[in-house]
Amino acid sequence: MASIKASIPKGTRDFGPVEMIRRNHIYDTIKSVFKKFGYQEIQTPTMENLDTLTGKYGDEGDKLIFKILNSGDYMLKADGLKQKGEELSSKNLLPLISEKALRYDLTVPFARYVVMHQNEIAFPFKRFQIQPVWRADRPQKGRYREFYQCDADVVGSNSLLNEAEFICIYDEALSKLGLTDFTIKINNRKILTGIAELIGKPSQIVDLTVAIDKLDKIGLEGVEKELLSKGFTADDLQTLKPVILLAGTNEEKLAQLDTILKTSENSLKGISEIREVFDYLASFKLNKAKIELDLTLARGLNYYTGCIFEVKTNEVTMGSIGGGGRYDDLTGMFGLQNLTGAGISFGADRIYDVLEELNLFPHTTQESTKVLICVFGKEEEKYALPLLASLRAQHIHTELYPFGAKIKKQMQYANDKNIPYVIVIGSDEMQSGKLTFKNMQSGTQDKLSIDEIIEKLMIS
RNA sequence: GUAGGUAUAGCUCAGUUGGUUAGAGCAUCAGAUUGUGGUUCUGAGGGUCGUCGGUUCGAGCCCGAUUACUUACCCCA
């Protein structure tokens, strides 16, 4: 059989033992905070029905959904399409050849889950979920085609206490991971909606948000240029300008908005929601997080309706490492009306890259195995088996190097694997009952009885 | 979808205006050391220079195409 080059699809990665220790460190930290705030874990399937996912992420998002090809001979269906006289476009063909897709995020599958299990769920339902998601994007720095999200969402509670707690969760988890300078940006879609109404273009809310979201990247001029090209007028820009150029403390910004947007009912609602979140937050003590009201924060996903969040680290150059917000009608698409939800997501892979760049992973010389038993022959191997069992019975991570390799090779294995202790058993040891016990770090070794060895390993 | 960059040993990379048999470090294996790793020393294996074509007496190097990877844009975690 001809051999093929070993490779994996671009944007995907293998994770070795060291990486897994680090990744689990991130998951475990975030998970413990989620639990502390009363969130319970669920998982959903890797694939969803394609129609569950389409239409939830905007046009751009839909393009990035990985579709799964149906089994069977789909070419026949293409022929059927042709015979019916319909155009053989990928748009027409797609529903015929694909009805499943890989999940694109965790929020939409969660909404689907809530609808399907609504009779078993006690509301408000607080769930967290840590699973990979897939996007058919072009990979680049900090962007993968397979990556993990760590989501916490609550449905069935419109209290803004949830929003305030999300900020606490971000703060606690990221501080615990060792980040010392990061900003949680907050905004409210209702303010943006209000502005769109104010200038009489409520249907162009998406164009508006996408453009002003880029302010810090392309500057005011760039934003204006983009908006003009989308059909906004110079007058519109005049209305918009004081809002997106807002400066000062969060309190000052809110006070200014009160006057600027006093004619927009929607905007005022959004402003008061943000005030309420800040009021809740006043009772909590944050660790390292900076909270910033940012009117240019928009977020691409178009199901958000209330407060929205985004988290950025100020220590390295990296896209957002988390985001979320409130969505009032995500379950409505699946037939369950009037159920509000809100949630946040941690981008675990980006957080990994940040921690690595800042050298923030705990460098505990994580030893998987504590002691390796080396034997000289078949007899010794047999002699070692009861010892192996009793070490493990004491919960000491122990390996026996199977008979057949030179001692040198066995020692090298212990060294490569960072195993701190080695027991050597040869004919001398079997005769005397005193085994050679070597400390690999110091290089010293003694002849000790089995009980003495166990005792040493237990206390070290 | 748009625009750049890169492709040489398992890995990271040198390779002079285009000139004999393409190099280094790391890794691997063997020996110095037949009961001892990590340090040290000695040696060995490992390459259709991404692929196809062109220019040339001669191409790793120049030109064209192609593929893969990568960075940025769009968008996003």
Side-chain angles (χ1 to χ4, degrees), chain A residues 4-13 26 30 57-65 103-107 130-151 170 174 206-207 209-211 213-214 217-218 222 226 297-302 309-313 317-325 343-354 365 372-377 380 401 405-430 435-445 447:
Chain A
I4 51 159
K5 196 183 175 196
S7 67
I8 54 175
K10 67 177 164 191
T12 66
R13 294 147 302 154
I26 294 173
I30 293 172
Y57 308 111
D59 289 344
E60 288 294 324
D62 283 357
K63 282 187 213 155
L64 300 180
I65 296 172
R103 80 168 91 77
Y104 178 90
D105 72 353
L106 300 179
T107 309
I130 298 178
Q131 288 189 275
V133 303
W134 291 267
R135 295 185 188 177
D137 217 345
R138 299 193 86 123
Q140 50 189 272
K141 184 178 162 75
R143 174 180 296 188
Y144 306 100
R145 298 220 283 192
E146 177 184 59
F147 62 97
Y148 274 69
Q149 288 192 327
C150 310
D151 272 33
Y170 273 134
L174 295 175
V206 174
D207 288 337
T209 55
V210 166
D213 194 41
K214 295 177 197 161
K217 214 183 219 169
I218 59 178
E226 176 159 340
L297 172 61
R299 295 194 54 74
L301 298 178
N302 54 20
F309 308 104
E310 193 157 285
V311 188
K312 285 213 64 167
T313 169
T317 308
M318 178 64 74
S320 69
I321 55 175
I344 54 169
S345 177
F346 288 81
D349 298 78
R350 284 189 175 173
I351 291 171
Y352 184 103
D353 291 346
V354 170
T365 48
L372 177 74
I373 305 174
C374 302
V375 294
F376 277 98
E380 287 87 343
Y401 199 108
K406 289 184 192 167
I407 285 295
K408 184 179 174 124
K409 179 96 183 170
Q410 302 186 32
M411 293 293 249
Q412 200 160 348
Y413 174 80
N415 189 65
D416 289 346
K417 212 170 159 181
N418 249 323
I419 298 173
Y421 299 101
V422 167
I423 295 169
V424 182
I425 303 176
S427 49
D428 295 355
E429 284 83 353
M430 280 201 296
L435 309 183
T436 299
F437 182 67
K438 175 161 182 166
N439 179 324
M440 290 295 280
Q441 211 193 337
S442 65
T444 56
Q445 58 185 52
K447 296 254 182 174

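Note that these values count all heavy atoms, side chains included, but never hydrogens, waters or copies made by symmetry. Here the structure is a predicted model, which is why all the values come from computation and not from measurement. Numbered from 1 within each chain, the chains take letters A, B, ... in sequence-line order.
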| field | Span that lies between the P atom of B:rG50 and that of B:rG10, in whole angstrom | value | 13 Å
Using the P atom on both, measure B:rA9 against B:rA22 and round to a whole Å.
14 Å
- Query: Between A:E146 and A:R13, is there a side-chain N and carboxylate O pair less than 4.0 Å apart?
  - Reply: no
Across every strand shown, the nucleotide meeting Watson-Crick or G-U wobble geometry with B:rC52 (both distances under 3.5 Å) is B:rG64
Requested in this report: For A:Y144, report the nucleic acid contact type (base, sugar-phosphate, nothing); a contact means any heavy atom under 4.0 Å.
Outcome: base
How far does the C1' atom of B:rG18 sit from the matching atom of B:rU40, given to the nearest Å? 43 Å
What one should report as the nearest heavy-atom pair of A:I407 and A:V375 is CD1-O, 4.1 Å
Margin query: Would you measure the distance from the P atom in B:rU21 across to the matching atom in B:rG4 and give it in whole Å?
Written below: 38 Å
What integer number of Å spans the P atoms of B:rC11 and B:rA77?
34 Å
Subject >> B:rG58 to B:rA68 separation - C1' atoms, rounded to the nearest Å >> reply: 30 Å
Of all heavy-atom pairs linking A:R350 and A:I321, the shortest is CB-CG2, 4.1 Å
When both distances are under 3.5 Å in a Watson-Crick or G-U wobble arrangement, the nucleotide paired with B:rG45 is none
Side chain to side chain contact (heavy atoms under 4.5 Å, CB included) filter on A:T317, not counting sequence neighbours, yields none
Any donor and acceptor pair, going by atom type alone, linking the side chain of A:Y170 with main-chain N or O of A:G323 inside 3.5 Å? yes
Across every strand shown, the nucleotide meeting Watson-Crick or G-U wobble geometry with B:rU2 (both distances under 3.5 Å) is B:rA72
Expressed as a whole number of Å, how far does the P atom of B:rU2 sit from that of B:rC52? 27 Å
In Watson-Crick or G-U wobble terms, with both distances under 3.5 Å, the base opposite B:rC11 is B:rG25
note: A:D59, atom CG; B:rG1, atom P; distance rounded to Å ~ 17 Å
Say you pick atom P in B:rA24 and the same atom in B:rA32; how far apart are they, in whole Å?
25 Å
A:Q149 atom CD is separated from B:rC76 atom C1', nearest whole Å, by 10 Å
Rounded to whole Å, CD1 of A:I65 lies from P of B:rC76 at a distance of 14 Å
- prompt: Around atom CG of A:D59, are there more than 12 heavy atoms of other residues, nucleotides or ligands at under 6.0 Å?
  reply: no
Each nucleotide of nucleotides 34-39 of chain B classed B (base within 4.0 Å of a protein heavy atom), S (only sugar-phosphate) or -, in 5' to 3' order, makes -BBBB-
Closest to the side chain of A:K10, out of B:rC69, B:rC74, B:rA77, is B:rC69
Quick check: A:F346 with A:Y148 (ring centres under 6.0 Å apart)? no
Between CG of A:D207 and P of B:rC74 the distance, given in whole Å, is 15 Å
From OH of A:Y104 across to C1' of B:rA77 the rounded distance in Å is 10 Å
Think A:Q140 has a side-chain N or O under 4.0 angstrom from the OP1 or OP2 of B:rA72?
yes
Check: So what does A:K312 hit on the nucleic acid, given a heavy-atom distance under 4.0 Å: a base, only sugar-phosphate, or nothing?
Finding: nothing
Whole-Å distance, A:D137 CG to B:rU2 P, equals 15 Å
In whole angstroms, the gap separating C1' of B:rC75 from CG of A:D105 amounts to 15 Å
Whole-Å distance, A:R350 CZ to B:rC76 P, equals 11 Å
- request: Flag yes if more than 12 heavy atoms outside A:Q441 fall under 6.0 Å of its CD atom; otherwise flag no.
  value: no
Next on the checklist: Taking atom types as they are modelled, would you say the side chain of A:R138 forms a donor-acceptor pair with the base of B:rC75 within the 3.5 Å cutoff?
Outcome noted: no
Walking RNA chain B from its 5' end, the first of A:G323 and A:I8 to be reached, judged by nearest nucleotide, is A:I8
Exercise. Look at the rings of A:Y104 and A:Y57 and say which category their plane angle falls in: under 30° parallel, 30 to 60° tilted, over 60° perpendicular.
Key: tilted
